[in-house]
Amino acid sequence: QVQLMQSGGGLVQPGGSLTLSCVAPGIDFSVTTMGWYRQAPGKEREMVAVFSSNGDRLYGDSVKGRFTISRDNVKSTVYLQMTSLNPEDTAIYYCHSRRTLTPYAQYWGQGTQVTVSS
């Protein structure tokens, strides 16, 4: 069973930066698409950033140019670097993995709160 362990959430001032981490020991990035999603109160879950198994990166329109998704194959860790944060970025952020080959298992991290406020 895969465990996605998130860290890095917290409180940050508008305009500030924060980096989230998602660790999954033993994960094979070559057959796994990783992603970050977020959900704010009263809103639907939205895609923030995706790092596909073939290396393509995709960002939600609201974070494009401000957020960067990256991965460290040795550490089996995916990062979300967030800059120029604004209050609209406040949400619970979830790490997600989905295998692109059978077995098509998918997993969610436990979520971490990101609050942008002065």
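All values below were derived from every heavy atom in this structure, side-chain atoms included, with hydrogens, water molecules and symmetry-related copies excluded. Nothing here was measured: the structure is a model prediction, and the numbers come from that model.
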> Between atom CD1 of Ile92 and atom CZ of Arg45, what is the distance when rounded to the nearest 0.5 Å?
Replying inline: 12.5 Å
> When hydrophobic residues are tied together by side-chain contacts of less than 4.5 Å, even through go-betweens, does Trp36 share a cluster with Val114?
Replying inline: yes
>> Once rounded to the nearest 0.5 Å, what's the spacing between atom OH of Tyr94 and atom CD of Gln110?
In response: 9.5 Å
>> Holding to ring-ring contact (aromatic ring centres under 6.0 Å, His included), I want the full list of residues that pass it with Tyr37, two or more places apart in sequence or in another chain.
In response: His96, Trp108
>> Are the side chains of Gln3 and Val23 in contact, using a 4.5 Å heavy-atom criterion?
In response: no
> Any chain of hydrophobic side-chain contacts (each under 4.5 Å) joining Tyr79 to Val48?
Replying inline: no
>> As an exercise, state the distance from CG of Leu80 to OH of Tyr59, rounded to the nearest 0.5 Å.
In response: 8.0 Å
> Is there side-chain contact between Thr33 and Ser52, with heavy atoms separated by less than 4.5 Å?
Replying inline: yes
> Any idea which heavy atoms bring Ser53 and Ser30 closest together, and the distance?
Replying inline: CB-O, 3.5 Å
>> Determine whether Val50 and Ile69 satisfy the following criterion, side chain to side chain contact (heavy atoms under 4.5 Å, CB included), listing intermediate values before the conclusion.
In response: CA-CA 7 Å; Val50 170; Ile69 188 171; 5.7 Å; no
>> For the CG atom on Asn54, are there more than 12 heavy atoms of other groups (residues, nucleotides or ligands in this structure) within a distance under 6.0 Å?
In response: yes
> How far apart are the C-alpha atoms of Val116 and Met82, what are their side-chain angles, what is the distance that settles it, and do they pass the side chain to side chain contact (heavy atoms under 4.5 Å, CB included) test?
Replying inline: CA-CA 11 Å; Val116 184; Met82 304 181 290; over 6 Å; no
> What are the two closest heavy atoms between Gln6 and Gly111, and how far apart are they?
Replying inline: OE1-N, 3.0 Å
>> Evaluate Leu85 against Gln13 for side chain to side chain contact (heavy atoms under 4.5 Å, CB included), listing each step before the verdict.
In response: CA-CA 8 Å; Leu85 287 163; Gln13 295 184 354; over 6 Å; no
> Will you find, in the side chains of Arg38 and Ser62, an N or O donor that is under 3.5 Å from an N or O acceptor?
Replying inline: yes
> Which atoms form the tightest heavy-atom contact between Ala91 and Ala40, and what is the distance?
Replying inline: CB-N, 3.9 Å
> If you look at every heavy atom in Arg57 and Thr68, which pair is closest and at what distance?
Replying inline: NH1-CG2, 4.0 Å
> Rounded to the nearest 0.5 Å, how far apart are OG of Ser118 and CG of Leu11?
Replying inline: 9.5 Å
> Atom CZ in Phe29, atom OG in Ser97: separation rounded to 0.5 Å?
Replying inline: 9.0 Å
>> Show, in sequence, the C-alpha distance, side-chain angles and deciding distance for Cys95 and Met34, and conclude whether the side chain to side chain contact (heavy atoms under 4.5 Å, CB included) test is met.
In response: CA-CA 8 Å; Cys95 180; Met34 305 297 301; 4.0 Å; yes
>> Strictly distance-based, threshold 3.5 Å: is any side-chain N or O of Thr83 a donor or acceptor partner for the main-chain N or O of Arg66?
In response: yes
> With distance as the sole test, does Thr100 use its side chain to make a donor-acceptor pair with the main-chain N or O of Val31 at under 3.5 Å?
Replying inline: yes
>> Could you measure the distance from the CG atom of Leu20 to the OH atom of Tyr93? Nearest 0.5 Å is fine.
In response: 7.5 Å
